[in-house]
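Please read the structure below before turning to the comments.
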Amino acid sequence: MNSSGQHRPYWLFECVTPAVAMFAVTVGVLVLAGWLFDLDILKSLLPGLTAMKVNTAFGFILSGVALWGIQSGGQGTLLGLVSQICAGVVLVLGLLTLGEYLSGVDFGIDQLLIQEITNLPGDIPGRMAINTALGFAALSAALLLLSLGNDSLIVAIHVLTLVPIVAAGSALIGYGYDIDEFLRMKLHYTPMALNTAVVFVLLALGIVNARPDYPFRRFMTSDSAAGVTVRSLLPAAIGFTLATGWLIQQGYGAGYFSEAFGLALFTAASLAGLGALILWNAGKLYEADVQRERAEEERRSASKYARSLIEASLDPLVTISAEGKITDVNEAAAQATGVARETLVGSDFSEYFTEPDKARSGYQEVFAKGFVTDYPLTLRHVSGRVKEVLYNASVYLNDKGEVAGVFAAARDITERKRAEEELRKYHEQLEELVRERTSLLETADKELEGFAYSISHDLRVPLRAIDGFSQQVLKRYEDKLDDEGKRYLNVVRDNTKKMSQLIDDILAISRTERLELSVSKVNMEKLVHAVFEELKPSFAGRELVIEIKPLPLCHEDPSMLHQVWVNLLGNAIKFTRPKDAALIEVGGHTEGAENIYFVRDNGAGFDMQYAGKLFGVFQRLHGVAEFEGTGIGLAIVKRIITRHGGRVWAEGKVDEGATFYFTLPLQEEST
């Protein structure tokens, strides 16, 4: 806690003034009840002591009400006006009573409330003591000044409060030192009652404690050097002085020394005791100063360390007060703005951005949320250059836990923005290039497709002619050809058939790219059974077992999927031909966002190192003499599955069989 901080029992002092006011009213009411019902115990604290007068009790009631009302109410309020009226009545009462003592004239105010009968010498019935009247006059005047709420009247209020403290304090000391001298029957004048003195002292303390900024309360609740001094010296000085006076008074009363010697002894003891207290307190203050200096040095070291960390940052750092003024910056911030640190501190932070309103809006957002992250702003240099930054900021608190301001750090993203812009332009150029290349590719594909279609049709005519003439030669000139000639012609016819098959396969590939997809719900299990029935003639007379497991439904082009199953099942039937007991298995399942299907056989298989060639056009892993075909069937499968958004792959082992997989994405049924 800093030097102006409040001591922990601060809340106790908040309760002192209202408690004192209530105590004064309570005592006054009890004393009035004592006079009404003639109860001596209520009139004075102890039997035989001076009783509090009725006017005194009435004055305490009004003073307590005035003190409570002044602290609880305020200027211009009804309660404040009532408080001033009560204090004014007490002032009039005190002044009139003093006037009676000074002039010797009875103003008829002493027994207005209750008639008192007394035979004590020097006592005036119903009239309060002269020091009581003086105390009321000063106390009520202090209350009236207090009700004005003017800070310039603090000295006057405290001076007036000293009057009842001295008057009542003297009475208390007299009662305490030699109580017999204050017994009512031994006096020839009206003294201040013991309970009157107690209430006066408490009311005076209530007044000097009425405001937090009054010296008594400020020092008693502060952890500053002044507060420590007051709390340690004041009680000790009062207690030491009272104890010393009481001891000397007892010695004087017992005849141990004369009155002059007692006075000298009191003076010397007071000087020695108070001097010792001052030296003791000075030692405490010295220790506190040493600790404070050590704490200050640690704070300075911590501050230097924090400053070093702040200055080590390459990013501009700034602290901003609750009013939006810059309170501190690092060197990076000065360089980013081109403004010296001394000029930046105290200026409006929003002046250094191209959009001040946006900067202030971000600042207000920090106060509302406690922080902001990656808030985009443009920082302006005095030269006119601008810098794109992202601000990250949060509030920071003072020693009391209150929001004191904002700490903000800026990250320069100018180069990043430039790179992003260049990347965007590159992407646009790349997209344009892709569009151009795609257009060229589409054109080439169309030309290639047209070429393939044209070539395939144009080739059919000479092939049919070659095959037809070869057949006619064999028929008409069979008797003129030897066996070798016939073999040659049959070879020609076989190759024309192969060429015709190649043309058909090329057209099939062309159709897979050209035809539009017609998506519908496909029962894959039913489709596989249908394809198997179509292919039965190709394995007639063979021992072949085909196992079709449940297959998941899909939503794709049924005619194209029909071609896929024809090619895969046809290959499985063809490559299991050497097996005495051929086995083909078809299955599938759903995994994640796709359906996976497979065809597995125990046929010739293949070497996995050549698996990448399986789905290429005209790629074959087996000789034509072993297995017929053009090497286009699997290429067609891949193109169809790829058009549907799926994948194809294969696993195999030579002479142990192969498994071909393909996937289809899960899709909702088209409406």
Side-chain angles (χ1 to χ4, degrees), residues 299-438:
R299 188 193 66 79
R300 284 194 293 266
S301 298
S303 178
K304 291 179 181 178
Y305 177 73
R307 169 56 59 180
S308 299
L309 289 178
I310 291 173
E311 293 299 345
S313 173
L314 298 178
D315 294 331
L317 303 178
V318 60
T319 55
I320 308 168
S321 69
E323 294 75 28
K325 302 297 182 182
I326 295 176
T327 56
D328 196 8
V329 296
N330 65 346
E331 182 60 27
Q335 292 179 0
T337 58
V339 181
R341 179 177 181 274
E342 294 75 14
T343 305
L344 287 171
V345 173
S347 63
D348 190 327
F349 81 100
S350 63
E351 297 175 359
Y352 305 100
F353 298 97
T354 58
E355 299 177 275
D357 291 340
K358 184 178 179 182
R360 282 189 286 270
S361 176
Y363 178 73
Q364 292 167 359
E365 185 178 342
V366 179
F367 271 98
K369 295 171 51 180
F371 66 93
V372 295
T373 55
D374 293 342
Y375 191 83
L377 289 171
T378 304
L379 195 61
R380 183 179 57 245
H381 193 273
V382 290
S383 64
R385 300 193 311 269
V386 294
K387 181 182 295 186
E388 300 291 334
V389 296
L390 288 179
Y391 261 96
N392 291 279
S394 63
V395 296
Y396 64 90
L397 310 178
N398 58 19
D399 293 340
K400 297 179 181 179
E402 302 166 341
V403 175
V406 169
F407 178 80
R411 174 59 52 87
D412 183 1
I413 59 169
T414 305
E415 291 301 324
R416 193 179 84 181
K417 295 281 283 187
R418 184 180 295 113
E420 289 176 352
E421 180 62 21
E422 292 178 356
L423 185 60
R424 184 186 64 79
K425 292 180 179 178
Y426 176 75
H427 283 166
E428 290 178 353
Q429 294 173 357
L430 185 60
E431 288 174 358
E432 180 63 27
L433 182 61
V434 169
R435 284 193 293 269
E436 293 176 0
R437 295 295 175 86
T438 302

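Just so you know, these numbers come straight off a predicted model, no measurement behind them.
Of all the heavy atoms in Ala409 and Leu317, the pair that sits closest is CB-CD2, 3.2 Å. Between Arg341 and Ala334, the closest heavy-atom pair is N-CB, 4.4 Å. Asp374 and Leu390 make their closest contact through O-CD2, 3.8 Å (heavy atoms, listed as atom of the first residue, atom of the second, distance). Ala393 and Val366 get closest at one heavy-atom pair: CB-CG2, 3.9 Å. Here the closest non-hydrogen pair linking Phe407 and Tyr396 is N-CD2, 3.8 Å. Closest non-hydrogen pair, Ser350 versus Arg360, comes out as OG-NH1, 2.7 Å.
At distances below 3.5 Å, at least one donor-acceptor pair connects side-chain atoms of Thr319 with backbone N or O atoms of Asp328. For Arg380 (side chain) and Glu351 (main-chain N/O), a donor-acceptor pair under 3.5 Å exists by modelled atom type. In this structure a side-chain-to-backbone donor-acceptor pair under 3.5 Å is missing from Lys387 to Thr337. The backbone N or O of Asp315 lies less than 3.5 Å from a partner atom in the side chain of Asn330, making a donor-acceptor pair. Under a 3.5 Å cut-off, the side chain of Asp412 and the backbone N or O of Val389 do not form any donor-acceptor pair.
The CG atom of Leu377 lies 7.5 Å from the OG1 atom of Thr354; values are rounded to the nearest 0.5 Å. Considering CZ of Arg418 and CD of Glu422, their distance stands at 7.5 Å, rounded to 0.5 Å.
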Check: Would Asp348 and Lys325 count as a side chain to side chain contact (heavy atoms under 4.5 Å, CB included) if you check the C-alpha gap in whole Å, the side-chain angles of each, and the deciding distance to 0.1 Å?
Finding: CA-CA 5 Å; Asp348 190 327; Lys325 302 297 182 182; 4.2 Å; yes
Note to self: Run the side chain to side chain contact (heavy atoms under 4.5 Å, CB included) test on Tyr352 and Ile326 for me, step by step, so that the C-alpha distance in whole Å, both residues' side-chain angles and the decisive distance to 0.1 Å come before the verdict.
What the structure shows: CA-CA 11 Å; Tyr352 305 100; Ile326 295 176; 3.9 Å; yes
Next item on the list: Test side chain to side chain contact (heavy atoms under 4.5 Å, CB included) on Leu433 and Gln429 and set out the steps.
Entry: CA-CA 6 Å; Leu433 182 61; Gln429 294 173 357; over 6 Å; no
Checklist line | Verdict with supporting geometry, Thr327 and Ile320, side chain to side chain contact (heavy atoms under 4.5 Å, CB included) | finding: CA-CA 5 Å; Thr327 56; Ile320 308 168; 5.9 Å; no
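Between Phe353 and Tyr391, the ring planes lie perpendicular to each other; the angle is over 60°, past the 30° to 60° tilted range.
Judged as a side chain to side chain contact (heavy atoms under 4.5 Å, CB included), and not counting sequence neighbours, the contacts of Glu432 are Arg435, Glu436.
Within the 4.5 Å cutoff, no side-chain heavy atoms of Gln335 are placed close to those of Pro316.
Using a cut-off of 4.0 Å between Lys/Arg side-chain N and Asp/Glu carboxylate O, Arg424 and Glu421 are scored as salt-bridged.
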